[in-house]
Amino acid sequence: MSRAPTGSPPPPPLAEFETLGRFAPPRVHDGFSQTNLRRRLAEYTLRSVSPAAHVVLRLDGAEQPSWVPLFLGARPPRKIGLGFHRHTGSPETWEFVPPPSALAFTPGGSGVIMTLDFDPTSLDPWRHADRGVQETCLVRISLRECYVPRSIRQEQGARSETLPTAAPGELFTPGGFVEFVRTTGIVPFQVALLAYTSETRYRYEIDLVHNVLLKDPRAGKMPLSSFEPRPVRLLHGLDRTVARGDLPLLPRRILETLFESQGLNVVEAATIFGVSPDLAEGSLRTLVARGYATWDPGGETYRALPFAVLSEEEARQQMAEEVHAGGPETQAPEGGSPPAPAPDEGPPLATPSPPAAPSPLRPEGEEGGAPGPVGTGEPPASNCPLCGGLLPDPDSLRLICPSCERKVGTPAEGGRESPEDP
């Protein structure tokens, strides 16, 4: 069993993160842009960080002092491993997502996740003797917060450049994310690590600068009884929608919480995200105007429209699977997304929610110590992580079935991996 790091964490490697901006063209990342990057990094480090766990990054088995070496290597690593240590012991921290112990994946995204057993409803939620649950998964990365290099000429509007001015929009494979940073010079501060299994999706937000796992914003602020699990395909559609970046950051974050709830009012949204009621209401109205939510005047509650994040084909397949499984015969909206209603028109109630997927909540685990070594046996990889169906070839190195491959995109590459013992 490995030992968890001890003592105070090292200071954030700001100078190292500054070097990532040099991947941008010099005409874009000029002296003005370099100064702004230093200022943004300094401001970011002053934020109050309440970590759920500390992160250890390994590249091909070698422990790294920060995330910067992941982007500076001459070639991408064959295997990326994450260990999570010194978990926050507060039960409310893990109400909506199980504590991760280790995660290992290839640049293509095929990997294995180990989560600790934890029961937030128990007086003694950590089960020290239990080593947790290991699952095969498909890993994608969504960029949350970053610095986009911008020259003084761009700032003055003298000319337009090809680099984006906001967080870009796609679900990256790990290797694709590394390549994106190396080709644009965008400096990532925070990412969402998304692990799709055959039953659910785990979302972990990682502060790359401080190298910590952040608390789920719902922890301790949203009743567990209002949690609404969704099928994996719907969660993938949500993640894809959020990653596009066509919504401002706060509406994106609110959409994620609204999507997995039975509804939110303005005060609840403001409390969860620590913003004013006016900002929360403006963000919720934005979601209604874009067709991702609806307003229930009777309960003064905003509700998600789950099928709005799917294409028409995905929505029809999801509905067919629900009917086949004995779910409610609801009608998928034409074109995947319903037409966007005006914020003040009092839109109709949300489309009935699909049958709940198995809850991602887990009972008990190990508090504060290092996770035990993860088994190296062959993981159960016979199911597609997105639809749950059996793969046509159990010995295939692919992790998603041909049907999902056509709908979702390129499948994960590489063989089946097991998490390292960080």
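When reading the values below, keep in mind they use all heavy atoms of this one structure, side chains included, and skip hydrogens, waters and symmetry mates.
Minimum heavy-atom separation, T184 to P149: O-CG, 4.3 Å. Taking both residues in full, the closest heavy atoms of P174 and T106 are given as CG-O, 3.7 Å, listed atom of the first, atom of the second, then distance. The two residues Q318 and P231 make their nearest non-hydrogen contact at NE2-CG, 3.5 Å. Listed here is the closest heavy atom pair of D119 and P125: O-CB, 2.9 Å.
The aromatic rings of F84 and Y204 sit tilted, their planes meeting at an angle between 30° and 60°. Between F177 and F71, the ring planes are perpendicular. Angles over 60° get that label, and only those under 30° would be called parallel.
Atom OG of residue S33 and atom CZ of residue R150 lie 10.0 Å apart, to the nearest 0.5 angstrom. Distance check, rounded to the nearest 0.5 Å: CG of L143 to CD of Q190 gives 9.5 Å. Rounding to the nearest 0.5 Å gives a distance of 13.0 Å between CZ of F23 and CD1 of I186. Atoms CG and OG1, on L284 and T301 in that order, are 10.5 Å from each other to the nearest 0.5 Å. Distance CG/L37 to CZ/R22: 10.0 Å, rounded to 0.5 Å. Here the CG-NE2 distance, from L20 to H29, works out to 9.5 Å after rounding to the nearest 0.5 Å.
Side-chain atoms of R201 and R140, non-hydrogen and from C-beta on, never get closer than 4.5 Å to each other. With contacts defined as side-chain heavy-atom distances shorter than 4.5 Å, the pair M222/T257 qualifies. Side-chain atoms of V139 and L103, non-hydrogen and from C-beta on, do get closer than 4.5 Å to each other. Under the 4.5 Å side-chain criterion, counting only non-hydrogen atoms from C-beta, F227 is in contact with R218. The shortest side-chain heavy-atom distance between P69 and Q64 falls under the 4.5 Å cut-off.
A donor-acceptor pair under 3.5 Å links the side-chain atoms of T88 to the main chain of A52, judged by distance alone. In this structure, E314 contributes its side chain and S311 its backbone to a donor-acceptor pair below 3.5 Å. At least one donor-acceptor pair under 3.5 Å links the side chain of H87 to the backbone N or O of P100. Remark: side-chain polar atoms of T197 are paired, donor with acceptor, to backbone N or O of E199 under 3.5 angstrom. Without hydrogens or angle criteria, N211 side chain to V55 main chain gives a donor-acceptor distance under 3.5 Å. Using modelled atom types, one side-chain atom of R252 and one backbone atom of L247 make a donor-acceptor pair closer than 3.5 Å. For the pair R38 (side chain) and A15 (backbone), a donor-acceptor distance under 3.5 Å is absent.
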Evaluation steps, salt bridge (charged side-chain N to carboxylate O under 4.0 Å, His left out), between E205 and R253: CA-CA 11 Å; E205 294 194 25; R253 291 187 176 277; 2.9 Å; yes
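If you check the side chains of Y292 and T286, you find no donor sitting under 3.5 Å from an acceptor. Between the side chains of E16 and S66, at least one donor N or O sits under 3.5 Å from an acceptor N or O.
Under the ring pair (Phe, Tyr, Trp, His ring centres under 6.0 Å) criterion, F189 pairs with Y44, sequence neighbours left out.
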Show the atom names and distances, to 0.1 Å, of all donor-acceptor pairs under 3.5 Å that link a side chain in residues 263-278 to residues at least two apart or in another chain.
residue	atom	partner	partner atom	Å
N265	OD1	V267	N	3.1
N265	OD1	E268	N	2.7
E268	OE1	N265	N	2.9
T271	OG1	V267	O	2.8
S276	OG	L279	N	3.2

